[in-house]
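Take a look at the structure below.
Not measured: the values here are computed from a predicted model. Below, read A as the first sequence line, B as the second, and so on, with proteins coming before strands; counting in each chain starts at 1.
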Protein chains: 2
Amino acid sequence: MNIVMLGSGNVATHLGKALQLAGHTIVEVWSRTFDNARILASSLQAEAVADVSEISRQADIYIIAVSDDVIADVAALIPATDKLIIHTSGSTGIEILKPYSSRYGVLYPLQTFSKKQDVDFKEIPLVMEGSSEEVEHVLKEMVLQVSFNVHLLNSDQRRVLHLAAVFACNFTNHLYALADNLLKDHNLTFDLIRPLITETARKVQHNNPVSVQTGPAARNDKKTIDKHLELLRDHPELQEIYKLLSQSIVNLN
Amino acid sequence: MNIVMLGSGNVATHLGKALQLAGHTIVEVWSRTFDNARILASSLQAEAVADVSEISRQADIYIIAVSDDVIADVAALIPATDKLIIHTSGSTGIEILKPYSSRYGVLYPLQTFSKKQDVDFKEIPLVMEGSSEEVEHVLKEMVLQVSFNVHLLNSDQRRVLHLAAVFACNFTNHLYALADNLLKDHNLTFDLIRPLITETARKVQHNNPVSVQTGPAARNDKKTIDKHLELLRDHPELQEIYKLLSQSIVNLN
């Protein structure tokens, strides 16, 4: 298929590469920042376009991979109202695209992307939704060679999935950052807990997380919890996070 | 070396096996629950002992791998006050063993253990401390074949390390559990976010966590944050955790 990519961020970059590897052609790349469009276009052997209104009207699919709050603005400028337009957002409903085309959909890759870090798209869950069965069929065909892990979910389910991912990924990474800061404060290296982080993630690949919960709160070990809160006496924010999450563990276990 | 293992939990089990693999002999296993002592002893070709006062006086090292709050009780019962006694706790100081032997120390394996899940001990950071240089030398010799990742830290540093591990491992696993519950509530499978969990842990193996933070809070995307809080309106505890961690991300980024 011939694809126009609108956006040049992490999702546009990784999805564009994966689609190209799967045999599709990225014909054009547009981005609010033309320099970024040029960088991505060059890596995809595509053309960079400076103005949305100048993008090709002949492509099969227009992928809007931009911040949630400008999806509608970009969609409004696409000069191809009979063509398939999709967005890639977890927390935005499909309906946002309805005013701009008769055929629209969503393709949400559930992964945390960094431009500098390559990922294996085959394992990434691709969550899709279409305005019709025809659209869903086209999307399925498009990603057949991209991922082994494709799911058809509606917008409400996708929103919950995105929220769950914030807990399991964004918040988790922040806890790594807080741990890193604590260690730095005492001249200890983050290397010390890197193996533990790997193992904690590995354990839940084949187990239910609640069944492998360990630590003082899981044992309701009040003495250790109090010692930790005392250690955090100069970090009121960390104290509050420690208390709230420990209580939540006690409630769940 | 000839080792007596006091305790039969996750740490005793995995450390016992790793020490045996490294060529040491576990001569005896004692546990408060004799049946557990028998199970571990049998897997280590050791003898199970029912009463602490009956353990061998001839071993080289006595490893106390029990809950923090009974370390002193167990140490008090070891009938070998001139022998090396060590505990395996992250949050307990070395001094707790001083009344019970002239030679004492700590060997804290920084990992999350489950009895049913095998781990590669070679990669596990082993944090140690000795009452003297002689003791530290003996401990280093003992673990030479056990781990490539050995660190000498004092009790204060070890306490901070343990606290950081609670954030990066115990709390992280709990966030996985909360995500799992959210998904279950909407008939979605945890399989959807397992690849994301793996990637989130993988990313910080070679990056600073704060440098790879993603998500609505990292972008200070208030619209998405508000949508998520609205989705959590029937889960006040999750709402509170979401708010606190999002604010903490905003503060750090």
Legend entry - B/Asn170 side, atom CG; A/Thr200 side, atom OG1 - distance, nearest 0.5 Å: 7.5 Å
Legend entry - Proximal component of B/Ile249, with respect to chain A [non-hydrogen, under 4.5 Å]: both
Legend entry - Region of B/His151 that comes under 4.5 Å of a non-hydrogen atom in chain A: side chain
Legend entry - Region of B/Ser67 in contact with chain A, defined by heavy-atom distances below 4.5 Å: neither
Legend entry - Qualifying residue for side-chain contact (heavy atoms from CB on, under 4.5 Å) with A/Leu163, from B/Leu238, B/Leu229, B/Leu231: B/Leu231
Legend entry - Side chain, backbone, both or neither of B/Leu153 within contact of chain A (heavy atoms, under 4.5 Å): side chain
Inset, instruction - Kindly compute the distance separating CD1 (A/Ile241) from CG (B/Leu244), expressed to the nearest 0.5 Å. - result: 4.5 Å
Legend entry - Donor + acceptor pair across side chains of B/Thr214, A/Asn173 (<3.5 Å): no
Inset, instruction - Could you look at A/Glu237 and say if it's the side chain, the backbone, both or neither that has a heavy atom under 4.5 Å from chain B? - result: side chain
Legend entry - Side-chain (B/Lys223) to main-chain (A/Asp69) donor-acceptor, under 3.5 angstrom: no
Legend entry - Contacting moiety of B/Thr224, where chain A heavy atoms sit under 4.5 Å: side chain
Inset, instruction - Report the C-alpha separation of A/Phe171 and B/Phe171 in whole Å, then their side-chain angles, then the decisive distance to 0.1 Å, and conclude whether the ring-ring contact (aromatic ring centres under 6.0 Å, His included) test is met. - result: CA-CA 10 Å; A/Phe171 289 169; B/Phe171 290 168; over 10 Å; no
Legend entry - Euclidean distance, A/Glu123 CD relative to B/Arg194 CZ, rounded to 0.5 Å: 14.0 Å
Inset, instruction - Start with the C-alpha distance between B/Ser248 and A/His174, add both sets of side-chain angles, then the distance that settles side chain to side chain donor-acceptor pair (under 3.5 Å), and finish with yes or no. - result: CA-CA 8 Å; B/Ser248 178; A/His174 182 58; 2.6 Å; yes
Legend entry - Proximal component of B/Asp185, with respect to chain A [non-hydrogen, under 4.5 Å]: neither
Legend entry - Part of B/Lys184 within contact of chain A (heavy atom distance under 4.5 Å): side chain
Legend entry - Residue B/Leu252 versus chain A: region with a heavy atom under 4.5 Å: side chain
Inset, instruction - Please indicate whether B/Arg32 has more than 12 foreign heavy atoms, meaning atoms of other residues, nucleotides or ligands, lying under 6.0 Å from its CZ. - result: no
Inset, instruction - Go through the steps for A/His228 and B/His162 under the test side chain to side chain contact (heavy atoms under 4.5 Å, CB included), then give the verdict. - result: CA-CA 9 Å; A/His228 284 165; B/His162 181 252; 3.0 Å; yes
Legend entry - Separation between OG1 of A/Thr172 and CG of B/Leu175, rounded to the nearest 0.5 Å: 4.5 Å
Legend entry - Distance in Å, B/Leu161 CG paired with A/Leu183 CG, rounded so as to fall on 0.5 Å steps: 6.0 Å
Inset, instruction - Measure distances from B/Asn181 to the heavy atoms of chain A and classify the residue's part below 4.5 Å as side chain, backbone, both or neither. - result: side chain
Inset, instruction - Rounded to the nearest 0.5 Å, what's the gap from CD on A/Gln205 to OG1 on B/Thr198? Could you check? - result: 3.0 Å
Legend entry - Heavy-atom contact with chain A under 4.5 Å, split by part of B/Val204: both
